[in-house]
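The structure appears below as structure tokens.
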Amino acid sequence: MKKYAITLITFVTFNLTYGQTVVIPKTNDSRVITTGVPFMLIAPDARAAAMGDMGVATSVDGFSQQWNPAKYAFSEAKSGISLSYTPYLSKLVNDISISYATYFNRLNEYSAISASFKYFSLGEITLTQSENDPGINVKPNEFTADVAYTLRLADQFSMAVAMRYMRSDLRIAAVDPTADAAGTFSADITGYYQSEEEAYNDFNGRWRAGFAIQNLGPKFKYDDGGRENFQPTNLRLGAGFDFIFDEYSKLAVTAEVSKLLVPTPPILGDEYQFTDNNGNGTYEEDEDDLEGFPNNPVNSNVIVSGQDPDVSFLSGVFQSFGDAPGGFSEELREFTWALGAEYSYQENFAFRAGFFNEAEDKGARKFFALGAGFKYTTINVDLSYLFSASKVQSPLENTLRFSLTFNFGAGEYDEY
């Protein structure tokens, strides 16, 4: 009996002394949510860019496919083709850009079909092994192709569903023979409301509202052993009002908020064993000793606060509304917001301005934008220019974006 008592005492003493652990959080002030193929969220057209990268609740145009294809049900034109070009990192290089093309066709008063193609070129890269090696040229790129169907469910409300294929060819086979292009599918669900024109004391007016859940699809990876990447699943909500002063002039004001429906990175820490010198079972920095500190943790990447982001894409959508380590206040900071205005005269000239805001610890994107639009017969030309208002320089700062739209069968549908 005495032998067993000594063994028990020894075992308890060992666990009190060496069996304790402590988790030390890793310092990480930035809570940026990252996804694969982020170029899918970049505004490709000049009109939306000039109003602060918004488009879910603005009036219909040729580029509605990017923001809210449900708007096509309110197009006055029978069909249209739109083209745009956006230089990227233009201060550093001249061969990185985003090209975008869309097509829409109203089948009748209640439905429409549309499609688009978006191409992100990362330029030409020369890979060399030595100083005298002529090297080989590679051209990493990404693209998306999608189609949408729009149905008008009421006189003032429509919805659309879009299906998209995405391909990302960024892994270079010359560097990694196992690399391959990644491809996956996703879907959008959108809705748009546009009221009848109403008379007020000094002007007429029209309300607009829209929502969009975009890039809803499975995670993807570049090889069998690689990390799975979330698509940039995104929620957009917007509303606006048109001040119609007379038959020639109109001022449209719009606000929009958006949020990535992707899990927030948790706060991670390193777990260490410690010697409990004071015997209270709690680590005291000045009294206890860490085993192997600081280079030999017992376990790395322990979740200190937040939730495990290694979930399916659908679970990630629901988790994204309540997994921020900072609680509700951090969840609110994950929403970006934008304000935009567009003044148009005789539908032939438009002047636009906008502001976009993102929280400092969520990416710190802040910028002002200006733009203009011109219409000649059935052709629309749009331009925009971006001014960064953040300490973090925007890759699109001081970039002139250009868009061109051809409308066919203008005025065939009278929506106003």
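We count residues from 1, following the sequence as given.
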What orientation do F120 and F39 show, parallel under 30°, tilted 30 to 60°, or perpendicular over 60°?
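The arrangement is parallel - the two ring planes meet at less than 30°.
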Parallel, tilted or perpendicular, judged at 30° and 60°: which one describes the rings of F241 and F243?
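Ring orientation of F241 relative to F243: perpendicular.
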Going through the checks in order, is the side-chain hydrogen bond (donor to acceptor under 3.5 Å, both in side chains) test met by S97 and S121?
CA-CA 5 Å; S97 63; S121 171; 5.1 Å; no
Residues 367-384 side chain polar contacts: donor-acceptor under 3.5 Å, at least two apart:
unit_1, atom_1, unit_2, atom_2, d
D382, OD1, R352, NH1, 2.9
D382, OD1, R352, NH2, 3.1

Determine whether the side chains of [X] and [Y] contain a donor N or O and an acceptor N or O closer than 3.5 Å.
| X | Y | value |
| --- | --- | --- |
| T190 | N68 | yes |
| W67 | D45 | yes |
| D146 | S116 | yes |
| S114 | R106 | no |
| Q65 | T102 | no |
| S82 | T405 | yes |

State plainly whether the residues [X] and [Y] are in salt-bridge range, i.e. N to O under 4.0 Å.
| X | Y | result |
| --- | --- | --- |
| K250 | E342 | no |
| E331 | K259 | yes |
| E360 | R333 | no |
| R236 | E256 | yes |

Do R152's NZ or CZ and the ring of Y192 fall within the cation-pi criteria of under 6.0 Å and 45°?
no
Cation-pi geometry met for K219 and F230 (6.0 Å, 45°)
yes
Side chains of Q231 and T35: closer than 4.5 Å at any heavy-atom pair?
no
Drop me the distance from T144's OG1 to Y100's OH, to the nearest 0.5 angstrom.
7.0 Å
Minimum heavy-atom distance A160-A70, with the two atoms named
CB-N, 3.5 Å
Which pair of non-hydrogen atoms, one from T58 and one from R208, has the smallest distance, and what is that distance?
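T58 and R208 have their closest heavy atoms at CA-NH1, 3.5 Å.
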Between S111 and Y149, is a side-chain contact (heavy atoms from CB on, under 4.5 Å) present by the stated rule, with each step listed?
CA-CA 7 Å; S111 62; Y149 177 75; 3.5 Å; yes
